[in-house]
Enquirer: 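Before I ask anything, here is the structure I am working with.
Letters A, B, ... mirror the listed sequences (proteins, then strands); counts begin at 1.
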Amino acid sequence: MVSDGHKPDNGRSGGGLPGNFIQDIIDEDRRAGRYGGRVHTRFPPEPNGYLHIGHAKAIVVDFGIAQANGGLCNLRFDDTNPSKEDPEYVEAIQRDIRWLGYDWGDRLYFASDYFEQLYQYAEELIKRGKAYVCDLSPEEIREYRGTLTEPGRESPYRNRSVEENLDLFRRMRAGEFPDGSRVLRAKIDMRSPNINMRDPVLYRIQHTAHHRTGDTWCIYPTYDFAHPLSDAIEGVTHSLCTLEFEDHRPLYNWLLEALEIPEPPKQIEFARLNLSHTVTSKRKLRQLVEEGYVRGWDDPRLPTLSGMRRRGYPPEAIRMFCEQTGVTKTNSVIHISQLEHCVREVLNRKARRVMAVLRPLKVVITNYPEGAMEEFEVENNPEDPAAGTRRVPFTREIYIERDDFLEDPPPKFFRLAPGREVRLKGAYYITCQEVVKDPDTGDVIELRCTYDPASRGGETPDGRRVKATLHWVSAAHARPAEVRLYDHLFLTEDPDEGGGFLANLNPESLKVLTGCLVEAGLEDCEPGRQFQFLRHGYFSVDPDSTQKRLVFNRIVSLKDAWAKIRGQQVKAR
RNA sequence: UGGGGCGUGGCGUAACGGUAGCGCCCGGGUCUUUGGAACCCGUGGUCCAGGUUCGAAUCCUGGCGCCCCAGCCA
């Protein structure tokens, strides 16, 4: 039975991650007394691009597992390929991880900090007869490697003496040879069914300045060589990575064994996170940005952390999402609605409610005194009484949402219609008496309504009920604003289905609404601040926003029961 | 056709030989000064075939399906 502390509900505390197979391995390691009971992980991004939701998952797992076990997680930039990396990303990546809510203390490391130690390890490998300098060209190495079904052939340089290998390797370092002319290879097994074990390249010559080490080096270690040894140098115990590195684990272990590293770190692979309706491949993201399909790396439609930050996603929501989708080895695609649910859950508790009319329709309250003004006390967040109340001005001329009025309402449409009475949130009951239309177009341009003074505050002494409560703004007080409505970037769950991802772009992923009217006071809010626009959804102040020109991003809509009913009605026809 | 992984409701994820549970989505309802939130109810699942066992999602065998690997990328 359950004797080892497994809880039936699997509710382990700590990193917020539910129980998972990695935690099981750690539990077993601790039970066996391995690593002195330590748990030490690392997040190893290559500084060659922006972090996205997939990285967020890795961050949550790497830092979360450490946290859950009272351990530490290092931030290590895996900067072993100077031709692809840029210091610009080093800053951006740190900012994104901090924003997500994780802290690496003073453990900011770079694989490039270890270049000298790594080089010494390489010489040691040569001295042990486990590595050799190979003069084959890149094309020849490929030919000699064999294929998935045929074994490879041994390089003619495979059996050079230790002395010759050492001499050649030192001269590689000294810069005596041109790029691509020679490499250092592990001497393993050219017939291995695992292609990674067919004498993999450990060092290549690249006369390229490195963003941190400058021109100190003209040979650079490969990922396969640098990674296990960097882990070992840092005292990492559990090196968590994604499934595609599973085939590299034998090589990871081979290097650690060949160099007789005591208490070698353990590589454990888990499935990367895939999200529906979006792309996370570096190539595709870059194409979207560079070819102008979106407005930049921080476009709120992108799944980059900078994009989600600009959109207004709370970092807690992203963490919650990564935690609740679990840690497994199963390839899966998570529906974006699950992410959106997390965003709503966090914002419902946190976001102040305000009224904003996105598509204004003027309403004149004919029996309300001209020039009069009164203020109503409205709660800032019914989920959180501590959020307090605010005073909202009411006057004779107000604006309501165009969608909240229908001249000829279908069944189950509860909002305003000719002769119908509704409540204005926090204010009065009004009844629509007259519809004013543009004589040329026939468009409704104004409603003339009467109010019931007895309904002050939103209730009447006779207790009669209305079926709808509408949000509104006072014409004299409201502030104009631009509102950017975002929708899924792709129409299909899988952007790659059919004619390729560009063909599936959602042409309506961004709708810019101008002439919106929001409650006064919002002009004083700093970018990033989140609100619930009553009955619409959650919105944040965009960095483009100024006191004079307010700009809001829709983070996510509220669930819309009427939209659902309307959809069913349309479908039934 | 070599090797490495993975198959549980529509989508995720639990179960550690003993009642297939949870979240999302979906459907219905209660409540509501947000058609929000909350709450209640519901539909629906162990890839297939054998085997072991009192008992199998779980162990074994064999299929089938999907993913990854032939960079001097990570």
Enquirer: Test A:K350 against every option in A:E383, A:E316, A:E345 by the salt bridge (Lys or Arg N to Asp or Glu O under 4.0 Å) rule and name the one that passes.
Expert: A:E316
Enquirer: When only distance counts, do a donor and an acceptor, one from the side chain of A:D24 and one from the base of B:C16, lie under 3.5 Å apart?
Expert: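 Between B:C16 and A:D24, which were checked side chain against base, a qualifying N/O pair under 3.5 Å is present.
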Enquirer: Could you check whether A:N165 and A:Y157, counting side-chain N and O atoms only, form a donor-acceptor pair closer than 3.5 Å?
Expert: no
Enquirer: Just checking, A:R173 and A:Y119: is the charged tip under 6.0 Å from the six-membered ring centre and within 45° of the axis?
Expert: yes
Enquirer: Using a 4.0 Å heavy-atom cut-off across all strands, classify A:V333 as base, sugar-phosphate, or nothing.
Expert: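 Sugar-phosphate: the residue A:V333, judged by heavy atoms under 4.0 Å, touches backbone atoms but no base.
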Enquirer: Using a 4.0 Å heavy-atom cut-off, does A:F413 contact any base of the nucleic acid, only the sugar-phosphate backbone, or nothing at all?
Expert: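 Result for A:F413 = base.
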Enquirer: Hey, is the side chain of A:E246 pairing donor to acceptor with the base of B:G3 inside 3.5 Å?
Expert: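 No, the side chain and the base share no sub-3.5 Å donor-acceptor pair.
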Enquirer: In whole Å, measure the gap between the P atoms of B:U8 and B:A14 for me.
Expert: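 Roughly 11 Å separates the two P atoms.
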Enquirer: When we call it a touch if two heavy atoms are under 4.0 Å apart, what does A:E379 touch: a base, just sugar-phosphate, or nothing?
Expert: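 Contact class for A:E379: none.
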Enquirer: Please state the C1' separation for the pair B:U58 and B:C16 - nearest whole angstrom.
Expert: 8 Å
Enquirer: For a quick check, with a 4.0 angstrom heavy-atom cut-off, what is the B/S/- contact string for nucleotides 40-45 of chain B, read 5' to 3'?
Expert: ------
Enquirer: With P as the reference atom in both, quote the distance from B:C24 to B:C67 in angstrom, rounded to an integer.
Expert: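 Here B:C24 and B:C67 have their P atoms 30 Å from each other.
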Enquirer: Taking any heavy-atom pair under 4.0 Å as a contact, classify A:P250: base, sugar-phosphate, or nothing.
Expert: nothing
Enquirer: Work out which heavy atom in A:T280 is nearest to a heavy atom in A:L285; give both atom names and the distance.
Expert: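 Scanning both residues completely, I find the closest heavy atoms to be O-CD1, 3.7 Å.
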Enquirer: Assign a letter to each nucleotide of nucleotides 69-74 of chain B from its 5' end: B, base within under 4.0 Å of a protein heavy atom; S, sugar-phosphate only; -, no contact.
Expert: BBSBSB
Enquirer: Taking the side chain of A:T149 as heavy atoms from C-beta outward, which of B:G2, B:G12, B:U8 is closest to it?
Expert: B:G2
Enquirer: For the side chain of A:W562, counting heavy atoms from C-beta on, which of B:G35, B:G36, B:U8 is nearest?
Expert: B:G35
Enquirer: Under 4.0 angstrom, heavy atoms only, what part of the nucleic acid is A:L424 near: base, sugar-phosphate, or nothing?
Expert: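 No contact.
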Enquirer: So what's B:C39 paired with, Watson-Crick or G-U wobble, going by both distances under 3.5 Å?
Expert: B:G29
Enquirer: I'd like the C1' distance from B:G7 over to B:U13, given in whole Å.
Expert: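 After rounding to an integer number of Å, I get 14 Å for this pair.
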Enquirer: Taking the six-membered ring of A:Y132 as reference, does the NZ or CZ atom of A:R160 fall below 6.0 Å from its centre and within a 45° cone about the axis?
Expert: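 Output no; distance or angle outside limits.
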Enquirer: Using a heavy-atom cut-off of 4.0 Å across all strands, would you classify A:T328 as base, sugar-phosphate, or nothing?
Expert: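 Sugar-phosphate only.
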Enquirer: Sort out the partner of B:U46 for me: Watson-Crick or G-U wobble, both distances under 3.5 Å, none otherwise.
Expert: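 Pairing partner: none.
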Enquirer: Partner of B:C11 by Watson-Crick or G-U wobble geometry, both contacts under 3.5 Å, or none?
Expert: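 With both distances under 3.5 Å, B:C11 matches B:G23.
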Enquirer: Do A:R423 and A:Y429 meet the cation-pi criteria used here (NZ or CZ under 6.0 Å from the six-membered ring centre, within 45° of the axis)?
Expert: no
Enquirer: Report the base-pairing partner of B:U58 (Watson-Crick or G-U wobble, both distances below 3.5 angstrom), or none.
Expert: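 For B:U58, the partner nucleotide comes out as none, under the 3.5 Å rule.
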Enquirer: Return a single string for nucleotides 20-32 of chain B, one symbol per nucleotide in 5' to 3' order, where B is base contact, S is sugar-phosphate-only contact and - is none, cutoff 4.0 angstrom on heavy atoms.
Expert: ---BSS-S-----
Enquirer: May I ask you to check whether A:D494 and A:T492 show a side-chain donor-acceptor distance below 3.5 Å?
Expert: no
Enquirer: Taking atom P in both B:C66 and B:C11, what distance in whole Å separates the two?
Expert: 16 Å
Enquirer: Now, which nucleotide makes the Watson-Crick or G-U wobble pair with B:G65, with each of the two distances under 3.5 Å?
Expert: B:C6
Enquirer: Measure from the side-chain heavy atoms of A:D560 and tell me the nearest of B:U34, B:G35, B:G5.
Expert: B:G35
Enquirer: How would you label the contact of A:E269 with the nucleic acid (heavy atoms, under 4.0 Å): base, sugar-phosphate, or nothing?
Expert: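 Contact class for A:E269: none.
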